Trainee: 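Take a look at this one; I'll ask things after.
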Amino acid sequence: MLSDSQRHHVPIIRFILIQNRAGKTRLAKWYMQFDDDEKQKLIEEVHAVVTVRDAKHTNFVEFRNFKIIYRRYAGLYFCICVDVTDNNLAYLEAIHNFVEVLNEYFHNVCELDLVFNFYKVYTVVDEMFLAGEIRETSQTKVLKQLLMLQSLE
Amino acid sequence: MPAVSKGDGMRGLAVFISDIRNCKSKEAEIKRINKELANIRSKFKGDKALDGYSKKKYVCKLLFIFLLGHDIDFGHMEAVNLLSSNRYTEKQIGYLFISVLVNSNSELIRLINNGIKNDLASRNPTFMNLALHCIANVGSREMAEAFTADIPKILVAGDTMDSVKQSAALCLLRLNRTSPDLVPMGEWTSRVVHLLNDQHLGVVTAATSLITTLAQKNPEEFKTSVSLAVSRLSRIVTSASTDLQDYTYYFVPAPWLSVKLLRLLQCYPPPEEGAVRGRLTECLETILNKAQEPPKSKKVQHSNAKNAVLFEAISLIIHHDSEPNLLVRACNQLGQFLQHRETNLRYLALESMCTLASSEFSHEAVKTHIETVINALKTERDVSVRQRAVDLLYAMCDRSNAQQIVAEMLNYLETADYSIREEIVLKVAILAEKYAVDYTWYVDTILNLIRIAGDYVSEEVWYRVIQIVINRDDVQGYSAKTVFEALQAPACHENLVKVGGYILGEFGNLIAGDPRSSPLIQFNLLHSKFHLCSVPTRALLLSTYIKFVNLFPEIKATIQDVLRSDSQLRNADVELQQRAVEYLRLSCIASTDILATVLEEMPPFPERESSILTKLKKKKGPGKVPDMEETKKERNSDMNGSTEPVSVNSSAVTMSTPSTSTDLLGLGLAPVLNSVAPASAGGSLLVDVFSDNSPAVASLAHTAEENFSSPRIGSADVVSDDPAAAVHDADELVNKFVCKNNGVLFENQLMQIGLKSEFRQNLGRMYIFYGNKTSTQFLSFSTAVICQDALKTQLNIQTKQVDPAVDGGAQVQQILNIECVSDFMEAPILNIQFRYGGALQNMSVKLPVTLNKFFQPTEMTSQDFFQRWKQLSIPQQEVQKIFKAKHPMDTEVTKAKIIGFGVALLDMVDPNPSNFTGAGVIHTKNIQVGCLLRLEPNTQAQMYRLTLRTSRETVSQRLCELLSEQF
């Protein structure tokens, strides 16, 4: 068996960020303890690292001891920070899955939806990701749950 | 379908957010926020009790303000109050506020925990989930203490809703991560494991993460998860793309769950149970097969999801490293991706191949892609892809492709991004050293590194080249010549001045015979760089100068003048001034003898792990440098060691902590004065390394017939190879084992002695089997290994005594551990004593431990062979013997013997195809000696001519003696 210490890391998302091109944060979900200054630094660094890349580049960037898996939708960058050994494509598609849910939930989601409904975005995130893990992947199931919650308002 | 309009539900919030967005300046924003904060504060403090809606709205505004980056110092209590609301939306805002603004206020924590406790007990799945999400998000120790007992129960209870189970599983995972000591294990283990069988794939998805974490910490307890995971995975990968309905993503069945299951399996070795193992292999094959099927959709989501599973499957295959077939298939699949139009796939294929390269089963398969990888280095637009290409080249590098890979890396270095230059420099330095067949190549490579990327050449790298040059006398002359030439460049990097100063100071004498590099020219060249250098380099050069005083007495006066000048003696830098004063004084008062002793050549450095490798490991983090040393050693141990790369690292030298700059190399005052250890012998043999017109080289062109008539023909000893004729301690026994390691060493009526041995680098292990052929017990059986005279210091042999009684018909085994300290001529003697039927038996046998056993074969090209051959042109370095064939002259047998001798048999090197050429390095603890050999058969005359060239006369002689007895 090869290099056990290197492999089978438990996947854990360190944070999820949604930022626009200007660097404004539209969602910051932290799965590790960082103090506020550290969070601000991370947000700025991620923005600096991600926005300089073009479409021909990969959707992955090494970042400190981790890596950022990111995807750009219109003016928004969706970024997930994971362990270097984690499965890049699985998280890349987890982002897309999340975006498709947002799109359905907000009916053609745009940046403003995330601004005005920031507290609902957290609910969507918690349905799909919890404790740094992927919790639910079925769009149907997530949307059903979200609609049910919506009806409780 | 659904749709949520702008901020519906809380109009006041939407208005506030709009106001903030309309602010033209930061000041305006702050003003608006302060106004709002004042408003909220007054509402909270007001006499009128707020209704739930207002409380929710204000808490939500506070949260928004906080998220904008402003401090919030009130409202926590109102948020906690929201937890006890019966309305979902109010509770949700309360929990969200708490999750985002974690506060360690103990008073509050109690209240929060109370709210959570109520919701967990509410049996309302929505409320339970809110509470569980809050615990999972905050994960504090207080929460762990309060809830670790409840959550497992919720998780495994039969009546818990699926979505609550999902949250409970991950909540438990979070608490296990933050407070592992508090989370009870044991009683519910098997029920948790059985969640892998749950009907709801969402529950399985969450549970798999939990089980993976727990299994990592406690693999034994969760072992049963392996077969469940395999069968779950099997059901997923064999299902039709529509079977899993909600969990099918772009025609790929449950990709995320598949990935998680494959990760869980990476916590374990390959399943032991045959059926499980077979089923897993089937799964992996199915996944690999699917990669070859035409895509079910053109969407990138389809291929990404499919490939996510594929890459994870490949990770598992690599982790198991036990199925050659799967490994090679994985490699082929990745090979296809290397040229895929998607940058992501090319990147991931390069990354994944890096780990495949370290598996013995797939290393060769990976190597076939070298051209594609080199091309990636040249053409990829994304630096991170190029970086992966560098990593892969490093990982796939071995003896066979080292020169090509190092050349390509050097090429790339010229244009490489600044961010990765230092790492490439380290990698090139390591590879050049590790696979140096020819140390001139190593020296050239490092000097190139300094030329191309001098700024990125760390101290470790240039220290290392000096250590190697000092320790290897076969490369010193070449190094001196090469640095001398490199220093001619009008602008050369300061690191080159350091290396040049050091090497010329030690070995400048080796090139001083050439008028173009006379002592004075060497000195002037170095001194012309002096004023452009930093203080540490100047200090080093001053030491070089004093070394020159010893090496070249004829320029002593010139050097003294320089040392005496004001710019030295009155230098503002105290270190430089002190050196100038002391060196000047030393050169004036010391006698030649004292100078020669004090300024003697540096003794070899002690050998340890390469400090460069250490540095690379540190740079990349422990996991990121594939430990090629380790894995390749394993690979080689399976193949009797004959294919092992010339591994310099393991016998390498290192510096101690590089904190005192130049002094580490012994250039400081004290180290120079202390370096009285004897210089390694043989350095002077290379004095005329540049005279290309040596007679030996010319003789290569002669025809075999001509040379066979040389008078040396009489020197061939005629020795019978018949074992029956063996005298116990005669050389015949030894000769029999020169080209092989196993066999019967000795046999008479009483006993048989068998041998099995293995050698690697300068170490060997010999298993001796003593078989009692009689039916009577041998008593007082004892053995001794005797190294006579000089051999005592040349070989180090250790063994344990065997049992004094050997039963009739029995066999006992003895293991000898052998270390070759330096080259040697004689064989050790094995003395055996025992009593048989009252009579004392005593016999001695020579042990076939011969110098050639410490060969490591070395592949090289024709050009390199002859270049090196030319460099070993001093008469003493060559030994030649012409002798009559004692066995039929069979080409294949001869080849096998040469390989058995320990050198690499070099095909296509000699212009005459009937000749044999070989190359190898003799490893001893003290030195390594490169060796080239050439065997020219003359079938008509039934004779051979054998020529050996090494940098040490004694080595050449001994090897020639040994090998000439074999044909």
Side-chain angles (χ1 to χ4, degrees), chain A residues 1-8 10-12 25 28 40 53 56-62 65 84-85 87-90 92-94 96-97 104-107 112-113 115-120 122-123 126 130-141 143 145-150 152-153, chain B residues 1-4 6-7 9 14 17 60 63-64 67 88-89 92-93 96 126 133 136 163 166-167 170-171 173-174 202 205-206 209 212-213 216 246-247 249 255-256 259 263 266-267 269 301 304-305 307-308 311-312 315 318-321 343-344 347-348 355 358-359 381-382 384-385 621 623:
Chain A
M1 290 199 306
L2 291 172
S3 48
D4 281 58
S5 57
Q6 197 179 341
R7 302 222 64 84
H8 61 72
V10 178
I12 175 171
T25 306
Q40 194 49 42
R53 299 172 61 82
K56 290 273 180 193
H57 286 157
T58 62
N59 293 89
F60 327 123
V61 210
E62 282 189 15
N65 290 326
V84 280
T85 57
N87 189 310
N88 298 42
L89 293 177
L92 184 58
E93 284 316 306
H96 188 74
N97 201 28
E104 193 73 19
Y105 183 51
F106 289 111
H107 201 69
L112 276 190
D113 292 323
V115 176
F116 282 95
N117 297 288
F118 70 95
Y119 57 98
K120 289 182 181 162
Y122 279 101
T123 304
D126 279 351
L130 193 62
E133 302 285 342
I134 292 174
R135 176 183 179 274
E136 180 56 86
T137 62
S138 156
Q139 293 185 19
T140 320
K141 290 229 157 64
L143 286 165
Q145 177 74 4
L146 291 174
L147 280 191
M148 189 277 285
L149 296 176
Q150 186 77 14
L152 298 175
E153 295 211 343
Chain B
M1 259 312 270
V4 182
K6 267 193 204 167
I17 293 175
C60 205
L63 186 56
F64 183 80
L67 290 172
Y88 162 76
T89 53
Q92 190 248 328
I93 297 296
L96 180 59
T126 306
H133 292 183
S163 83
Q166 282 171 277
S167 301
L170 295 174
C171 191
L173 165 55
R174 171 68 198 249
T205 302
S209 290
T212 306
T213 306
Q216 260 188 325
D246 297 353
Y247 288 89
Y249 178 81
W256 293 282
V259 166
R263 283 216 156 228
Q266 286 171 64
C267 297
Q301 282 75 24
N304 279 349
N307 292 328
F311 276 107
E312 206 58 58
S315 287
I318 295 171
H319 169 77
H320 285 169
D321 197 24
T343 314
N344 285 344
Y347 173 94
L348 293 171
T355 30
S358 50
S359 162
R381 286 181 48 184
D382 183 341
S384 61
V385 185

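Since we're looking at a predicted model, the values are computed, not measured. All values below were derived from every heavy atom in this structure, side-chain atoms included, with hydrogens, water molecules and symmetry-related copies excluded. Per chain, numbering begins at 1; letters A, B, ... match sequence-line order.
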Trainee: Suppose we screen for side chain to side chain donor-acceptor pair (under 3.5 Å). Which residues come up paired with A:Glu93, at least two apart in sequence or across chains?
Mentor: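 Counting only residues at least two positions away or on another chain, A:Glu93 forms a side chain to side chain donor-acceptor pair (under 3.5 Å) with A:Arg71, B:Tyr249, B:Asn304.
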Trainee: Could you have a look at A:Arg53, A:Gln145, A:Gln139 and say which one has the most heavy-atom pairs with chain B under 4.5 angstrom?
Mentor: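 That would be A:Arg53.
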Trainee: Taking only residues two or more places apart in sequence, or in another chain, which ones meet A:Asp126 in a side chain to side chain contact (heavy atoms under 4.5 Å, CB included)?
Mentor: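 For A:Asp126, the residues satisfying side chain to side chain contact (heavy atoms under 4.5 Å, CB included) (neighbours in sequence not counted) are A:Lys29, A:Leu130, B:His133, B:Asn137.
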Trainee: Who among B:Asn307, B:Leu348, B:Val385 has the most heavy-atom pairs with chain A under 4.5 Å?
Mentor: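 Option with the top pair count is B:Leu348.
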Trainee: Is A:Asn87 reaching over with its side chain to a backbone N or O of B:Ala308, donor-acceptor style, under 3.5 angstrom?
Mentor: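 Flag set: sc A:Asn87 to bb B:Ala308 pair under 3.5 Å.
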Trainee: Within this structure, what is the CD-CG distance for the pair B:Gln301 and A:Leu92, rounded to the nearest 0.5 Å?
Mentor: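 These two atoms lie 8.5 Å from each other.
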Trainee: Identify which part of A:Gln40 has an atom lying under 4.5 Å from any heavy atom of chain B, answering side chain, backbone, both or neither.
Mentor: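 Neither the backbone nor the side chain of A:Gln40 comes within 4.5 Å of chain B.
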Trainee: Quick one: what part of A:Ile134 sits under 4.5 Å from any heavy atom of chain B, side chain, backbone, both or neither?
Mentor: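 Answer is both: backbone and side chain atoms of A:Ile134 are under 4.5 Å from chain B.
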Trainee: Can you tell me how far apart OH (A:Tyr122) and CG (B:Leu67) are? Round to the nearest 0.5 Å.
Mentor: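 CG of B:Leu67 is found 4.5 Å from OH of A:Tyr122.
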Trainee: At what distance, to the nearest 0.5 angstrom, does NZ of A:Lys120 lie from CD1 of B:Ile93?
Mentor: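 If we round to the nearest 0.5 Å, A:Lys120:NZ and B:Ile93:CD1 are 9.0 Å apart.
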Trainee: Taking side chain as C-beta onward, heavy atoms only, is A:Asn97 less than 4.5 Å from B:Trp256?
Mentor: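 They are in side-chain contact.
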Trainee: To the nearest 0.5 Å, how far apart are CG in B:Asp382 and NZ in A:Lys56?
Mentor: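 Result: 12.0 Å between the selected atoms.
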Trainee: If you compare all heavy atoms of B:Asp246 against all heavy atoms of A:Lys141, which two are closest, and at what distance to 0.1 Å?
Mentor: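 Taking every non-hydrogen atom into account, OD2-NZ, 3.4 Å.
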Trainee: Between B:Leu170 and chain A, with a heavy-atom cut-off of 4.5 Å, which part of the residue counts as in contact: side chain, backbone, both or neither?
Mentor: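 Interface part for B:Leu170: both.
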Trainee: Please flag which part of A:Ala94 lies under 4.5 Å from any non-hydrogen atom of chain B: side chain, backbone, both or neither.
Mentor: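 Interface part for A:Ala94: both.
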Trainee: So which atom in B:Phe64 and which in A:Val115 form the shortest heavy-atom distance, rounded to 0.1 Å?
Mentor: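 That closest heavy-atom pairing would be CE1-O, 4.3 Å.
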Trainee: Who wins among B:Ser384, B:Cys171, B:Ser167 for the most heavy-atom pairs under 4.5 Å with chain A?
Mentor: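 Of B:Ser384, B:Cys171, B:Ser167, B:Ser167 has the most heavy-atom pairs under 4.5 Å with chain A.
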Trainee: Would you kindly say whether A:Glu136 and B:Tyr247 are connected by a side-chain donor-acceptor distance under 3.5 Å?
Mentor: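 There is such a pair between these side chains.
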Trainee: Could you have a look at B:Leu96, B:Thr89, B:Thr126 and say which one has the most heavy-atom pairs with chain A under 4.5 angstrom?
Mentor: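 Top count of heavy-atom pairs under 4.5 Å with chain A: B:Leu96.
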Trainee: Taking A:Arg135 for the side chain and B:Ser163 for the main chain, is one N or O donor matched with an acceptor at less than 3.5 Å?
Mentor: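 Flag set: sc A:Arg135 to bb B:Ser163 pair under 3.5 Å.
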Trainee: Which one wins on heavy-atom pair count under 4.5 Å against chain B: A:Asn88, A:Val61, A:Leu146, A:Asn65?
Mentor: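 It is A:Asn88.
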Trainee: If we ignore hydrogens and angles and just use 3.5 Å, is the side chain of B:Gln92 paired with the main-chain N or O of A:Tyr119 as donor and acceptor?
Mentor: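 A pair under 3.5 Å: yes.
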